[in-house]
Number of protein chains: 2
Amino acid sequence: MTTASDTPTRSRRNRRAEILEAAARLFAARGFHGVSIEDIGGAVGVSGPALYRHFDGKDALLSEMLLDISSRLRESAVTVATAAAGPEETLDALLDVQIAFATEHPALITVHDRELGNVPEPARRQIRRLQRLYVEEWVTVLAELHPACPAARLRAATHAVFGLLNSTPHSAGELAAQDMRPMLHAMARAAIAAAIG
Amino acid sequence: MTTASDTPTRSRRNRRAEILEAAARLFAARGFHGVSIEDIGGAVGVSGPALYRHFDGKDALLSEMLLDISSRLRESAVTVATAAAGPEETLDALLDVQIAFATEHPALITVHDRELGNVPEPARRQIRRLQRLYVEEWVTVLAELHPACPAARLRAATHAVFGLLNSTPHSAGELAAQDMRPMLHAMARAAIAAAIG
DNA sequence: ACCAAATGTTAGTCACCATTAACGTCATCG
DNA sequence: CGATGACGTTAATGGTGACTAACATTTGGT
């Protein structure tokens, strides 16, 4: 109804990506089971079963979406962690990665931490693994900053910080991104210091 | 299959509450559309359409659930705000209310900020209103602590703090509640100070 | 121009699910 | 007792939605 039938040339280009993006937006808004194949097709200008030319099914679409998100996050974290000067700088860089992702792709973040339960088993394990590795990247850095703190506490604090940073989809529109990002960074920094300091 | 058929006397007592509790757990785990009436009935030992003796339908059940949650939160906030000595104490009390609710009823918190979109219109508006009033309770207190800070920033910071506090369902089992609660309080306090200070 | 792969379309099919109907049971209260 | 209402049960019913089948159309390589 709104988008999609722009240029007929673009259609051939990256339908897959277009579908994934539209599906993410819809899943974030109404939940996996609240969105039909027809809805997703309609959002990109094709209708219904055309999606089966690009994906094995609705489950496969979700699996690929979450796998992509968790891969990207983890990869960014690894890059940042290896290229860093010290734990303080690494933590700042990790925060920036997560904040950038959350503010630039709110729908992906929303889907990422709501819909894992709907991913069928082969992929679910892998996504969980990537998520765990991502968390461990944070925990490692935090442990360097405060070796005496038990790992369980560091992990819990990390999840709390994710909750803080991933709140952007909920407060969309309240504040401009240019104001939101440094505020989130400062809040997260202070929260971490309070948790493990 | 698991619970429910304990005492036949308890059955007559509070079926409604039992149903609401089971439904909350299921909705939190699989999402509103991922749970069938049959599932909910089965979870309390009756099967399927028996629920219609207690609720007008699946939508009505969700509406009542969210209305109850937002009412309880707002009422607690009002109580705390009127009985308080000063803004600092009020803020501490508000934090304790939210932390207690989030750690004691993780399923309710999860449903509360995921499923509003599935509530039909008469109730949706009312729930939104209660949620807005709850947020305003926080914003009012924060404004007293820092009058120069623009309201939009206070609102965004409040949402971020909710994200932090409501992260408990995600980090369930990492840390004992007795350790988790003061840590969340300290993190939230520090995050607020960093945001508006 | 011709073939094959890619990409769509529309019309089934089949399962699931919310809701209703029609029909018991049992306790309470007159 | 006997009726009434609370609470359940098992069969429809009707709609929706994922997926498949059968049938175009386009397109790029030869």
Side-chain angles (χ1 to χ4, degrees), chain A residues 1 3-24 26-27 29-65 115 117-123, chain B residues 1 3-24 26-27 29-65 115 117-123:
Chain A
M1 288 165 196
T3 53
S5 60
D6 288 347
T7 50
T9 47
R10 201 250 300 255
S11 307
R12 318 281 142 54
R13 210 73 54 90
N14 40 7
R15 260 290 198 275
R16 272 182 74 88
E18 210 178 346
I19 291 170
L20 281 166
E21 192 185 315
L26 290 168
F27 289 164
R30 312 211 293 265
F32 180 70
H33 294 293
V35 176
S36 73
I37 288 288
E38 190 70 28
D39 290 336
I40 302 173
V44 302
V46 304
S47 238
L51 300 195
Y52 289 86
R53 299 294 170 191
H54 301 276
F55 298 93
D56 281 350
K58 204 185 170 191
D59 289 352
L61 200 164
L62 181 67
S63 297
E64 180 164 331
M65 188 183 301
E115 306 294 1
N118 292 314
V119 175
E121 234 336 315
Chain B
M1 292 195 179
T3 53
S5 60
D6 288 344
T7 51
T9 47
R10 201 248 301 256
S11 305
R12 317 279 144 52
R13 209 76 51 92
N14 40 9
R15 260 288 199 274
R16 273 180 72 89
E18 211 179 345
I19 291 170
L20 282 167
E21 192 185 315
L26 290 169
F27 289 164
R30 311 210 295 263
F32 180 70
H33 293 293
V35 176
S36 73
I37 289 288
E38 190 71 28
D39 291 335
I40 302 173
V44 302
V46 305
S47 240
L51 300 195
Y52 288 85
R53 298 292 171 194
H54 302 275
F55 298 93
D56 281 348
K58 205 184 170 191
D59 289 352
L61 201 164
L62 181 67
S63 296
E64 180 165 330
M65 188 182 300
E115 306 293 2
N118 292 313
V119 176
E121 232 342 312

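Letters A, B, ... are given to chains in the order of the sequence lines, protein chains preceding strands, and every chain is numbered from 1. These figures come from a predicted structure and were not determined experimentally.
- For residues 42-58 of chain A, the set of pairs meeting the salt bridge (Lys or Arg N to Asp or Glu O under 4.0 Å) definition, not counting sequence neighbours, is empty.
- Comparing B:Ala50 and A:Glu38, the nucleotide of DNA chain D nearest to each residue sits closer to the 5' end for B:Ala50.
- Here the P atom of nucleotide C:dT10 and the CG atom of A:Leu51 are 14 Å apart, to the nearest Å.
- Taking side-chain N and O atoms only, A:His54 has no distance below 4.0 Å to OP1 or OP2 of C:dA6.
- Residues B:Arg53 and A:Tyr52 both approach DNA chain D. Their nearest nucleotides, taken by heavy-atom distance, put B:Arg53 toward the 5′ side.
- The heavy-atom pair separating B:Ile19 from B:Leu51 by the smallest distance is CD1-CD2, 3.6 Å.
- Comparing D:dA18, C:dT9, C:dT19 against the side chain of A:Ile37 picks out D:dA18 as the nearest.
- Residue A:Phe55 contributes atom CZ, which lies 16 Å from atom P of C:dA6 at whole-angstrom precision.
- Looking only at side-chain heavy atoms (C-beta outward), B:Phe55 and B:Leu62 stay at 4.5 Å or farther from each other.
- In this model, the phosphate group of C:dG8 is approached by a side-chain N or O of A:Arg15 to a distance below 4.0 Å at OP1 or OP2.
- The nearest whole Å value for the distance from the CZ atom in B:Phe32 to the P atom in C:dC17 is 13 Å.
- Looking at A:Arg16, its side chain does come within 3.5 Å of a backbone N or O of A:His54 through a donor-acceptor pair.
- Atom-to-atom, CG of A:Asn14 to P of C:dA6 comes out at 17 Å; the value is rounded to the nearest Å.
- Between the side chain of A:Glu115 and the backbone N or O of A:Gly31 there is no donor-acceptor pair closer than 3.5 Å.
- Dashed line: the shortest gap from a side-chain N or O of B:His33 to OP1 or OP2 of C:dA18 is not under 4.0 Å.
- If you take CD1 of B:Ile40 and C1' of C:dC17, they are 12 Å apart, rounded to a whole angstrom.
- When the P atom of D:dG17 is taken as reference, atom CG of A:Asp59 falls 16 Å away, rounded to whole Å.
- At a threshold of 4.0 angstrom between heavy atoms, the contacts of A:Gly48 with the nucleic acid are absent.
- When distances are taken from the side chain of B:Pro49 to each of C:dA18, C:dA21, D:dA18, the shortest belongs to C:dA21.
- Per the geometry, CG belonging to B:Leu26 stands 15 Å off C1' belonging to C:dC17, to the nearest Å.
- Comparing D:dA22, D:dA18, C:dT19 by their nearest atom to the side chain of A:Lys58 picks out D:dA18.
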